[in-house]
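Okay, so here's the structure we're looking at.
Note that the coordinates shown come from a computational prediction; the quantities given were computed from them, not determined experimentally.
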Amino acid sequence: LKGLTSWVTGRPHADTTYEAEPDAQGRLAVLRQDDWQIEFGRYAAHGPAVLPGKLMARRGEDLEIRLVVDTWTLP
């Protein structure tokens with residue numbers, strides 16, 4: 001999960017290659033990186049940034065992580 005810090009903000013991390021699929025608005029919808037498939041949803045504007053409010057990461061058939069962000073606090 002070394003990419004989680006980047007993934008939670010709707011970006012791939014810089015250390016490895018990835019495949020990405022955009023949604024209809026051009027935002028990251030699906031990311032495949034480091035043997036994970038991450039799906040993003042519930043994007044909302046937070047100041048100048050547009051960030052996902054929901055992330056579901058799957059690795060194989062046995063591991064799934066769901067993350068929901070209720071409130072973003074940006075520096």
Side-chain angles (χ1 to χ4, degrees):
L1 282 174
K2 69 181 179 179
L4 187 59
T5 303
S6 296
W7 298 341
V8 75
T9 59
R11 301 174 294 133
H13 70 86
D15 295 337
T16 59
T17 60
Y18 63 89
E19 294 177 29
E21 296 176 21
D23 65 10
Q25 290 77 34
R27 304 170 299 206
L28 188 58
V30 179
L31 172 67
R32 289 176 207 67
Q33 189 172 37
D34 298 337
D35 297 322
W36 287 90
Q37 177 168 306
I38 305 102
E39 298 174 14
F40 301 89
R42 281 188 29 195
Y43 278 89
H46 299 278
V50 177
L51 300 169
K54 185 177 177 184
L55 175 146
M56 184 166 37
R58 292 187 184 108
R59 187 170 186 162
E61 306 241 346
D62 299 332
L63 183 57
E64 180 176 285
I65 298 170
R66 295 175 187 226
L67 177 67
V68 176
V69 178
D70 292 324
T71 305
W72 281 99
T73 302
L74 303 174

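Residue I38 comes nearest to A57 through the heavy atom pair CG1-CB, 4.0 Å, listed as atom of the first residue, atom of the second, then distance. Considering every non-hydrogen atom in both L51 and T9, the closest pair reads CD2-O, 3.8 Å. For G10 against F40, the heavy-atom pair with the smallest separation is CA-CE2, 3.8 Å. Closest approach of H13 and Q33 over heavy atoms only: O-NE2, 2.9 Å. Minimum interatomic distance between P22 and A29 (heavy atoms only, all atoms of both residues): C-CB, 3.8 Å. The shortest non-hydrogen separation linking L28 to V30 is CD1-O, 3.6 Å.
Cluster membership check: M56 does not share its hydrophobic cluster with Y18, using side-chain heavy-atom separations under 4.5 Å among Ile, Leu, Val, Met, Phe, Trp and Tyr. W72 and V68 are not part of a single hydrophobic cluster, where members link through side-chain heavy atoms under 4.5 Å apart.
The salt bridge (Lys or Arg N to Asp or Glu O under 4.0 Å) search around E39 returns R58, not counting sequence neighbours. Take D35 and apply the salt bridge (Lys or Arg N to Asp or Glu O under 4.0 Å) test, not counting sequence neighbours, and it matches R59. For the side chain to side chain donor-acceptor pair (under 3.5 Å) test, residues two or more places apart in sequence or in another chain that qualify with Q25 are R27.
Taken to the nearest 0.5 Å, the CH2 atom of W36 stands 13.0 Å off from the NZ atom of K2.
Residues R42 and V69 are not in side-chain contact: their nearest non-hydrogen atoms beyond the backbone lie 4.5 Å or more apart.
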*asked:* side-chain contact (heavy atoms from CB on, under 4.5 Å), that's the test. Do D34 and W7 meet it? Break it down for me.
replied: CA-CA 12 Å; D34 298 337; W7 298 341; 4.2 Å; yes
